[in-house]
Each structure stands twice: as C-alpha cells, then as structure tokens.
**Student:** 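Below you'll find the structure I mean.
The chains referred to below are lettered A, B, ... by the order of the sequence lines, with proteins before strands, and numbering in each begins at 1. Computed from a prediction, not measured in an experiment: that's the story for all the values here.
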Amino acid sequence: MSEPETSQSTALRHAFGNVLSFFILLLIGVLAFSIRLFSVIKYESVIHEFDPYFNYRVTQFLIKNGVYDFWNWFDDRTWYPLGRVIGGTVYPGLTLTAGALWRIFHSLNIPLSVETVCVFTAPIFSAFASWAAYLLTKEVKGTGAGLTAAVLLSMVPSYISRSVAGSYDNEAVAIFALIFTFYLYIKTLNTGSLFYATLNAIAYFYMVCSWGGYTFIINLIPMHVLLCIVTGRYSPRLYIAYAPLVVLGTLLASLVPVVGFNAVMTSEHFASFLVFIIIHVVALVYYIKGILTPQMFKVAVTLVVSVGLIVCCAALAVLIALVASSPTKGWSGRSLSLLDPTYASKYIPIIASVSEHQPPTWPSYFMDINVLAFLVPAGIIACFMPLSDASTFAVLYIVTSVYFSGVMVRLMLVLAPAACIMSGIALSEAFDVFTRSIKFQLLGATQSPQVNKAGDTNSVAKNDVVKTEISEDSLKERPSRKNKKKEKENIEKASSVSRIEKASLVSRIEKRLLVLPLEASVVAILLLVLLGAFYVVHCVWAAAEAYSAPSIVLTTRSNNGLHVFDDFREAYAWLSHNTEVDDKVASWWDYGYQTTAMANRTVIVDNNTWNNTHIATVGTAMSSPEKAAWEIFNSLDVKYVLVVFGGFVGYPSDDINKFLWMVRIGGGVFPHIKEPDYLRDGQYRIDSQATPTMLNSLMYKLSYYRFVETDGRGFDRVRNTEIGKKHFKLTHFEEVFTTHHWMVRLYKLKPPRNRIRGKTKKSKSVSGSIINQLCHAVHVYYCETCSVTLT
Amino acid sequence: MNRVRSDLLLLFVVGFCMFFSHAFSDLVISRLDRRIDLSSQVVRTVVSLKVENNGPDSVSEILLPFPEHVAKDLAFLEAFVSEGKGKTKGSSDSLPIKVVNPEGMPSALSWYSVSLPKELGKGGNLNLEVKAVYSHILRPFPEKITQADIQLVAFQDGAHYLSPYAVKVQSLTVKLPEPKVESYTKLGNTKFSGSEIKYGPYENLPPFSYSPIVVHYVSNKPFAVARNLVREIEISHWGNVQITENYDLVHAGAEIKGEFSRLDYQTRPHVRGASAFRNLLAKLPARAHSIYYRDEIGNISTSNVYSDSAKTLLEIEPRYPMFGGWRTAFTIGYGLPLQDFLFQSEGKRFLNISFGCPMSDVVVENLTVKIVLPEGSNDISVSVPFPVKQSQETKFSHLDMVGRPVTVLEKINAVPEHNQYFQVYYRFSNISLLTEPLMLIFGFFLFFVACVIYTHADLTISKSSASYLAKLQWDEVQSTIQQFQSIMNRSLIVHDKLEASLRDLSRTGDVQTCKAARKAADTLLKELSKEVKPLLSFLQSSSQAAQILPKVEELVTKERELQEKLMLKHSTVVDAYEKKSSGGRDIENRVASVQQKITLLRQEVDDLLEIIDEI
C-alpha cells in the first residue's frame, strides 16, 4: 500500500458515501411516492373520502378565481341559508400548495388537470416528509439513523392512511411541515444560526397554514426549551432557536385568517409566551452571573427571587381569573378533548360522533405503526447515550405524541414520525453495535492464529491480506464519522467542541466494552433484517389492501371477478345533471362535502360542523314524522332529500346506523326529540319490536320505502333482521331516484297541497311549535315564517 | 295538434305558389318512389325519381324544394345518378348540391339545386336518387310520460312529394320501428301491413301538390342527442393519434314525469323503462388502444370493449339509465396507431380520419372537431366532403414554446351520415420532433452546471468578516490535520512493516533482510518526522487549532516513543538472532516487557488518532 493513495482513497470514499446516501434518499423518495399509488392502480385516480372533496373544490375555486377571491370567498352553496366564509375558516396551506403546483406545471405548459395535481399532492409530500425525517434524525443521531428513519417513515402505515394518492387532506402536507419545522428547530439548536431560526419561523408559518395541529409544535418546542433550562442546558443557541420562533412565528401565524388573533388570545399559545418570558429571565440571569462576582450574585438572586415570586403569584392569579371567567376556559373544544378525553362525549356529541376522534384500540397501534412500537423503547434508550439537546427533543416528542395518540385515533399521525425517528435510531444503533462486534471478533480471530501459527508459511500471506482489509475498513469508518460532524463543527464554538469530544470519548470507551459474541451478533443481525422484512410486508399490505380504498367506490370480489359499487357517484351525477342548479339538497352532514363538490348542489349542512344548531335541525327533521319533517325541510327551501341506505347490499355505514347520532344531536337542541323514544328497552332496533316513533321517523321511511317488494319480506342485510313496518306510502315525499344497488335514495318534496279549510287548524298546532323552535335556533331567517304561521 | 293546423296553412301557401310554377314545367318526373325510414330517431328519406325533359332547352340542374319547417331539421342531403335498376344500382359519385333562391318563390320553401353530371337534352331522361336525413323532426306525443308508459311519436309529412315539376306516378312507403301504430292519416290508396304504411300510387299530380299525413306510432328507440360534442384529434409524430370526445348527452324523447322507481325498473326493465336506454355502442377504428370512459367525477366502470381486426366496439353505459329528459355528460378517449391514419403525398403529410361521432344513433347538435397538429406544422389545409365552419387556434401542451396549431371544424346537426373521412394536409419537418427532448436535455444540463457552479463558488458577501476569516482558517487547520493524520497513518504502516519483518525473521532466520528493512523503515520514519515539523509549526501558530494542538502534540510524542520502543524491540530480536542464542522463547521473554509497552502505546496512539479524527 503506497502512502499517498490512502489519503486519496479516503477522500474518494468520503465522496462515494455522499453519493450513495444521495441515491438512497432518492430511492426513498421514489418508494414513498410509489407505495401510495396502489389506490390509483387498484381503483382509479380519484379524490377519496369526504374532506378531500372539499379541499378539491376549494382548489378548483382558487385556480379559477385567483388568490384574492379565495380569501374573500363566501360560499353560498353550503349551510344554506347561512352560507360559510370559506376564506376565513379554512387552513389554506394545502390548497395554496396544490394551486402553486398547478401554476408551475402550467407555466411549463404541462397540462395537468386540477384533479390530477390534487390526487398526487399527498404522495409528493410524503416523499418530502421522508427527506425531512432524514434531516431531523441526522441532526439527532447521524446519517445512518437518518437514512433508516427516512425508510421507515416512507412506508409507515399510519401516514400512508392519510396520504395515499387521492387522499387530498391537510395532514398529507402538514406532516411534512411538522417534521421540517422540528428539523429546522434542531438545526438552529445545533448551529445557533439565525438563518436557520428564520427558516424555522417560515416553516412554522407553513405548518400553521396547513393544519390545526400546529398547536402541537407551539407547545412541544416551549416544553423542550423549558426542559433544557431546567436541566441546565441553557445556551445562547437555545435562545436563538426559540426567541425568533416565538416572535416571528406568532406574527406570521396571525396572518393566517383562520388563526388570526387566536395566535395571541387562546390558551393553546400561552405556554409559548410563558416560556418566552422565562428564557429571557434565564438569559438575563446568565448575563448577570457573567458580570458579577459570585458573592454579589448570591445576594442579587435572593433579592430578585423574593420580589419575583410575589409578582409572579399576582400575575398568575390574574391570569387564572381571566381564563376561568371564559366558559370553555379559553380552550377550543377539540383541544380540551385532548387534555380531558371525556370532555367531548360529555358536551359535544358532534365531535364524539366522528369515529376518528375516538381513542384508539391496541390493535390499531399494531396496525398503524407495527414493529416500530417495539423498537421505540430501544430508540429512547439510544437517545440517552449520550444525551444531547437534540436527543432530549426526540424523547420529548415521542413521549408527548404517545399521549396524544392515546386520546384520539387521528393523532396517531403525529406519533408515526416520532416512532419512525426513534426506531430509525434504534435500528441503526443496533446494526452499529452488531456489525462492530462482528468486525472486532473477526479481527480478534485473525490476530490470534497469527501468533500461534507463526511458523506456517501459507497463513502469513493470507493474514496480510485480511489485515490490510481491516485497516481499510477502519479507515472507511473514520471519514464517515468525520463527515457527519464536520459541518456542525465548522461553525460551532469552542465549548461545544470540547463537550462533544468528551462525550464521544466516553461513548467510544463504552463501545469498546460492548462487544458481543460473534454468533450472537450474526443471529441478531439476521433477526433485525427479518423484523425489517416483516415491517415492509405489513406496510405493503396496509398500503395495498387496507388504506387505498377511496370509499366512494366500493368493490367486492365474487366468483365472476370484481364487482363495483359505484352508487354514490351515480347519485351525485344524477343530481348534477338532472336537477336545477339552485336546488337545495338535504342530507346528513357526512355527505355535504361530496354533494357540493360532485353534484354541485347547495346543501344544508356539511362536514365542516361549525353550526351545531343547523345540524340539529336536519337531525330533527330526519327523526320527525313525515309531515313535520316536510315542514322543516320546506322552511329550509329544500327540494331533495338524500339518504344512504345499505340494507339492500349490506353496506354498514349507512344512515340507519348513524340515525341515533341524528337523534342525539337533534335532541340536544330541540328537546321534543328524545333518545329513549327511539329505543326499545335501551336497544336500537328496526324490526317489529321497534318503537312507533322510530318506525314513523322520516329516516326510516325514506330508507325502507318499497324495500319490502324487493324480496317479499324486507330483510335488512346490515342489521340482519326483517324490517318492522313493511308496507307504507309516502305522503309528502316522492322517490325521484335510487341508485343501482339502492345505496343512495333521493326523494323530492312534494309541492304543498292546496289548503283545505277544516285541516288548517290542526296542522298549525303541531308545526307551530317546531317552527317556533327553529326560529329561536336560527334567529334571523325564520322570523317571517314564524309570524306567518302563528298569526 | 297545433302543428297540423300550421301545416294546413302551409298548404295554402303551396297552393298559392302553384300559380307561379310554369317556369319549371319543362321537366316532368315520370316516376317517383319515396321511402321514409322512421325506425330510429333520425328520419331518412330516399327519393328515387326518373326525370324527363320535355322542353326544348337542355337542363343542367334540378331543383329540390323543402318546406321551411322541414328544412331547418334537414341534416344531410345527397343526390346521385343511379344507373341500372333494382339492387345492382351502381350509384355514381354524389352530385354537387347548392342552396338557391329562385325568384318569385315564397320564402316558406327552401330550395336546393342539384347540378347534373351532363346536361339533359330534349327528350332525355335520367334516374336520380336523393337521400335526405332529418334530425329533430319527430315529436314525442304526449310530451311527458310516466316510467311505465311507452313512448309515442308523431311524424308529419306530405303524402305527395313536394316538387316544382309535374309527377306522373308516385308512391310513398313509411317504415315504422314496430308494427304498432296509434293512428295514421288515411287517404285513398293507403295500405298498412306489417310495420309499413304505403301511400299511392298516385298518378298525374300537378306541381306543388300537397296532402299532409300524420303518423303517430310507438317508438322505444333511444333518442340520444348530444347537445355538444367536442372531438379533439391530437397527432403525435412519435406514433399516436389521441382522440378525446366530450359528450353532453340528453334523452330527447318524451320526458319522464312523476316517480322513478328503481324497484320497478329492476324487476321489469322492458316494461317499466321501455323508453329508457341503458347503453350506447361506439364503433371505433381497429387497433384502438388505451380506451377510457369517464366523467368529471371519475371513471365510469360500466363499459366493455370488444375488438377484432376490422373494428373495436366500445359499449358504454351511462351512470344511470337514461329516461326521457335526463341528461348526462361524459368523456371517452382512445389512442390510434399513427400509420393507419397519417399518409404522405407530394411532400405534404395528410391525416385521413372520420369526421363524426363514432356512436350509431346519436344525433349531435353542435359538433366541434379540433385537429391538433404537432408544434411546428405549417401550410395547413382541410378538405371535408360537406360544408363546415372552420377556424384556427393555438393550443399549448407539454413543453410547447410556440404552441400547436389547432384547426377547428364546426358542424351543426350532425347525423351518422356525416361520419365520413376528411383530410388535413400540412407540412412538418422531422427535426422539429427533437426540439422537446433536446430542450429537456439542455435544461437538465444547465441545472447540473448551475449545481456545480454553486458548490464551487464562494458566495460570501463580506470577505473580511470575522466569522468568514475564522472559517477560512479553520479550513486550513483541517486540511493540515488531515495531512498530519495521513502521515501518522503512514508511520503506523511503517511500524507494521517492521513487525512483519520480525515475523519474517522468525520464519526464515534471514538477518540481513531484516536489517535492511529496519534501515529502510528508519529512513522513512525520519522523512516522515521531517514532514510533520512544518505542519506542527503551522498548527502552533494558528489560533483556531488551539483546542486540537495538545492532542496533536501528545500524539507526536507518543508516536515517537512508540517508534523508539519498536526499534528497541527490533534490535533486541535481531541481535538475538545474530547471536543464535537460546531460541524463540528466550527472545520472547526478553522482548515481553517492551512488547507490552508497545501494545499500550499503540493503543494510545490509535485512540488519539480517533479523537483527532472526530474533531
């Protein structure tokens, strides 16, 4: 081996390592993108579920009318007759991102449709999220851990569930923004660079634009800062990482219309301001400590602490009084249900009725993060040796996100990146230990025979070869480690260098002690690879089977191939082509977004559940008898009523199964709807044992109208019973359309009858009370109706 | 029956104009057979006439009048000379037809004139066949029906052919879709048999004789009307013709009123839904590929493709059964191999492709055909066998710089008869094909160059700022340390060589080579220590290196110590061999203490190297 060659080859390997990790990252991006395409391949390139349809519609509006019209958009096609201020109530990040992508493509003359851009936004951003995870983990534990974490994140099922192609939802973009914001925070913390601090504030702004989950960031980072201060890790870098974020970030956040003054007014943000004050106090203390002698300092401390305590107590008392005086204690309902998991089911049935706001079950952890659940503890341990600012952050992140995911299934999404980062660290550390011990063992194995077989001629040549190889290996390891630290050290100041140096020395000594037997480490590596393989298999399965169904198209496999249930779109297409543009369609709020987006018809309520009373009105109508329902709907100017009925083909999430929620929500506002009236001995049933209130409710009638004629006895395949009331006629509604599999049924309100003298009195007394209540509920709009009917 | 009254009015008008008809009386139609085909929503009439010239002048054109209410629905008119009789009619090319306005004629009639291939001399005769197709002439009556009703349609025409010439013998046959008729006008000589109604023969009728008939019959044929159809034909010289068709379809028959019950429709589709149509059949050219069928909310899964060597059949089903008055909109698209449709002649390329809608039985109210030629095409001309409105526009598609020329052809009331081939001629050079790939290559090249420049450029704004200088210094320190490390590594390798020489010695007993090796190693090490000196002095002078310097210095001293020990060991062993005393074990004993120190030192050196490395 000639001397100059070694240094050259180190540089070469160095470059080779960079190129290799670049290509690995590229492949990770491709993997993240392509694993999410199962939905397009198995189904079609279409927007999924409910909320994405709204986002899609907003994006269409944005692209058609421009940004300024978007900010000022008052949507009169939902929440009729109230309408909704879309520009001020929507997180615009996703929409603006897709709109920008569309603009870019069109400026390059690539004619992609808005739908295509929307469908593929989520996969693109999940690739970005994987890269962000690489960067974040690299800051915490080095390149190897970074790459592992990126691979894991690129296919973690929890994230796939929200970002398959077509799942055009806020979370798809927000997870990227979340990880990237954390990365920039850690980067600033490690470098102390104001440049990164500014970027961090901008990334935070993007996160605020994208998702309501930004409150997680603005609470987690202060927590970490506080932790650092308490554990004596305060440094100017911490100040630079935090103070600009709070100032700039809050200013930027309040620019987003949906947040606005909430950024300084609600309790979710108070933690950050409190810590902002604390960090300034601490900074001042450190400064004073620097300029005073120790004795003087002690005197000053006692003085300040005694005065400060009094002031603090007073301020705290005022603050608590202020907060306590507001009814929700300044916290929004969704955030409160995070802190007190029982809050929602107690006070807000609308929040509780959404399945993704329920606490998760244990299997859902295994389903969503799979083997990562077992690797996380190992990762946490790895973070403690050695403990740095960055790794404390990682630990804090996983701990808090585990708590939040336990409250709401939906927040599993926040846990997933943390779990991936931890598992990445764990896996990479484990591989590090095992491969190093194998290397050590091999080295030992070759050195010992060397002494014994000193006389043997053959072995020597071989030994030499082995030895050079080993020296090469050890050389190879050096540059990579050097590489990892290099940029960091470039800018860092003396203190940190010596500390890390010390830490690495300690760790190295530990490493030398942690040598496992050869066989054990070989087996362990094999097992780890096997574990990884399980994970990959599970992820691919989850992506292909569990999470790629668009939910507007259902399929079943039968003997003669795939059978497609495309009833929803059939109904929406029928509505959009065969009704008047201004017709109002009433349905339960689940289908509101889809109706406005696909059928382009005005709806009464939709998935943005901002007005409980309005939803309760629809719920009341659905649970009332036909005549009362007709009057409510007529007062809302409704022309068509849409119900989803699964009894014919056995589609379980239909309106009959959601009916109790309609009763509950309706009854919450209009007390004449009582839940017990619909239950027989506490049981919800639709067979002959059902209560008459149930059998006469509009929902029951619209669902089962002429259903008995299909098979002669009216057997409901979802509830697995024969229906209670079989032959009945509709007096105030007429069937105008039913889809091929009966899954969507559309009814039209019959025009009002000519007035017959004798009957007017009776109807007045019944409907008067309902309409009176309606008037109280929705003050302005019904007063005319009210006065007309009651006089 | 308001319409019938208006037709009676028309009769008066026609009767009125009979007084003016003497100018045409030179020609006489000796025999006229008329067949009206009502079996679909499109009414096709075929008139075969035998024209005789009884006048003195030769005649070069024949006039065909149409009542105005019929003329506005006249979608297609064709006339040709038929030679021979019966089924062996070898029809020649269609004759040119133009719109004329003969003087003195009332405006209630539209006139077309057929130019004869050769002038008809005195006493000459000619067999002529005129084919006329009407699109919206059938009226559903009643106009609104329930789901269970059958659809009834009324058709009005004259029992006599409206002609400016005298007709000697004429007859009319009306063919119905089903042998069910609600009512029909009964004149003399009317026969109804099977699904055909026969009027005539009538003899020696004067010009402009008119007697209205109404046929009210059962027709459950689909009344599929496309309000708008936009066909976009995009040519790619990479081998594909992409066709995209946007339909805006309506069932133009009797509108449905009252409930639509899926139950009734599913249990008895042919009774409770007789007037509805379920599917449409599109006949696409052979070798059509990548066929899709969707609407604005996604793919429509109810379609089938059957293909053979002559054609591709695409059977599509709208999302819901189409009842009267219901509308739908969808898009179908497919690709075709370029070589089947693009040809070259006289240095020009031309596209030869069919014009109309590929679906049988669909009437298109507004048909727009857009031919998108590749970017860089010029000298474009279009030849269509019937009159169309033509305009030009530009479309920007994938990576276009100047846009693709688009020829837009518009046609109102297109019927299946319009499904004829038309040609688009243009010039296009093959080099233009390469512009876009080259552009991409160039773009990426520029991108990489930019990356290279960025990584090599120093973008610092202030070259004299403290942090920048510190960074520069630090870079220098690093490179020195790197050099220093490589020197250290080299000297360690020399150490290894020395050890190796000792092993060789124990094996071979060759003292001389071992000594030589030591000498070589000695000189090498000396050289290396010389090399280290300037590096060390640099590090001592540099302020940035302050933290590493102690380590480096320690390393240097340790290395020197190690070197000495090694030399000592080497010399003792060599001495021992020279003296050939007491064998291996003795030597080992003697060296043992030294060896211990060596391993210890070696370990320390390694550690130090690693620490420096990590910095």
**Student:** One pair to check against side-chain contact (heavy atoms from CB on, under 4.5 Å): B/Trp326 and A/Phe737. What are the steps and the verdict?
**Tutor:** CA-CA 12 Å; B/Trp326 286 10; A/Phe737 189 72; 3.8 Å; yes
**Student:** Is it the case that the side chain of A/Arg569 and the backbone of B/Ile297 share a donor-acceptor pair, with hydrogens and angles ignored and the cut-off at 3.5 Å?
**Tutor:**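 Flag set: sc A/Arg569 to bb B/Ile297 pair under 3.5 Å.
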**Student:** Is A/Tyr747 in contact with chain B via its backbone, its side chain, both, or neither, using a 4.5 Å heavy-atom distance?
**Tutor:**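 For A/Tyr747, neither part sits under 4.5 Å from chain B.
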**Student:** Donor-acceptor pair, distance only, cut-off 3.5 Å: does the side chain of A/Glu570 make one with the backbone of B/Tyr320?
**Tutor:**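 Such a contact is absent between A/Glu570 side chain and B/Tyr320 backbone.
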**Student:** Quiz question: by atom type and distance under 3.5 Å, do the side chains of B/Arg262 and A/Thr739 form a donor-acceptor pair?
**Tutor:**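 Side-chain D/A pair, B/Arg262 to A/Thr739: absent.
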**Student:** Is B/Arg294 paired with A/Glu115 through a side-chain N to carboxylate O contact shorter than 4.0 Å?
**Tutor:**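 B/Arg294 and A/Glu115: salt-bridged.
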**Student:** Show your working on side-chain contact (heavy atoms from CB on, under 4.5 Å) between B/Asp264 and A/Arg706 and close with a plain yes or no.
**Tutor:** CA-CA 10 Å; B/Asp264 292 339; A/Arg706 297 190 72 187; 3.2 Å; yes
**Student:** What option among B/Gly403, B/Ser301, B/Ser397 has the most heavy-atom pairs under 4.5 Å with chain A?
**Tutor:**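 The answer is B/Ser397.
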**Student:** Rounded to the nearest 0.5 Å, how far apart are CG of A/Asn578 and CD1 of B/Ile256?
**Tutor:**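 Interatomic distance, A/Asn578 CG to B/Ile256 CD1, rounded to 0.5 Å: 10.0 Å.
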**Student:** Would you call A/Val736 and B/Glu259 a side-chain contact if the rule is heavy atoms closer than 4.5 Å?
**Tutor:**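 No; the side chains remain at least 4.5 Å from each other.
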**Student:** If you take all heavy atoms of B/Gly298 and A/Val46, which pair is closest and at what distance?
**Tutor:**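 The pair with the smallest heavy-atom distance is CA-CG2, 4.5 Å.
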**Student:** Would you please test B/Leu263 and A/Trp742 for side-chain contact (heavy atoms from CB on, under 4.5 Å) and show each step?
**Tutor:** CA-CA 9 Å; B/Leu263 179 79; A/Trp742 289 56; 3.8 Å; yes
**Student:** Above 12 or not: heavy atoms from other molecules or residues under 6.0 Å from CE of B/Met401?
**Tutor:**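 It does not: B/Met401 CE has 12 such atoms or fewer within range.
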**Student:** Using 0.5 Å steps for rounding, measure from the CZ atom of B/Phe330 to the NE2 atom of A/His577.
**Tutor:**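 The distance works out to 10.0 Å.
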**Student:** Would the distance check show the side chain of A/Asn109 and the main-chain N or O of B/Phe396 forming a donor-acceptor pair, the cut-off being under 3.5 Å?
**Tutor:**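 Looks like no, no N/O pair under 3.5 Å.
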**Student:** With a 3.5 Å distance limit and no angle check, can you tell me whether B/Gln266 reaches the backbone of A/His740 through a side-chain donor-acceptor pair?
**Tutor:**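 Side chain of B/Gln266 to backbone of A/His740: a pair is present.
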**Student:** So which residue, A/Tyr56, A/Tyr43, A/Tyr572, A/Trp574, ends up with the most heavy-atom pairs under 4.5 Å with chain B?
**Tutor:**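 Greatest number of close heavy-atom pairs with chain B: A/Trp574.
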**Student:** Given the options B/Asp295, B/Asp400, B/Thr267, B/Ile487, which has more heavy-atom pairs under 4.5 Å with chain A than any of the others?
**Tutor:**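 Most pairs with chain A among the choices: B/Asp400.
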**Student:** Determine whether a donor-acceptor pair (N or O, by modelled atom type, separation under 3.5 Å) exists between the side chain of A/Glu735 and the backbone of B/Ser261.
**Tutor:**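 Not at all, since once roles are kept as given, no pair shorter than 3.5 Å links the two residues.
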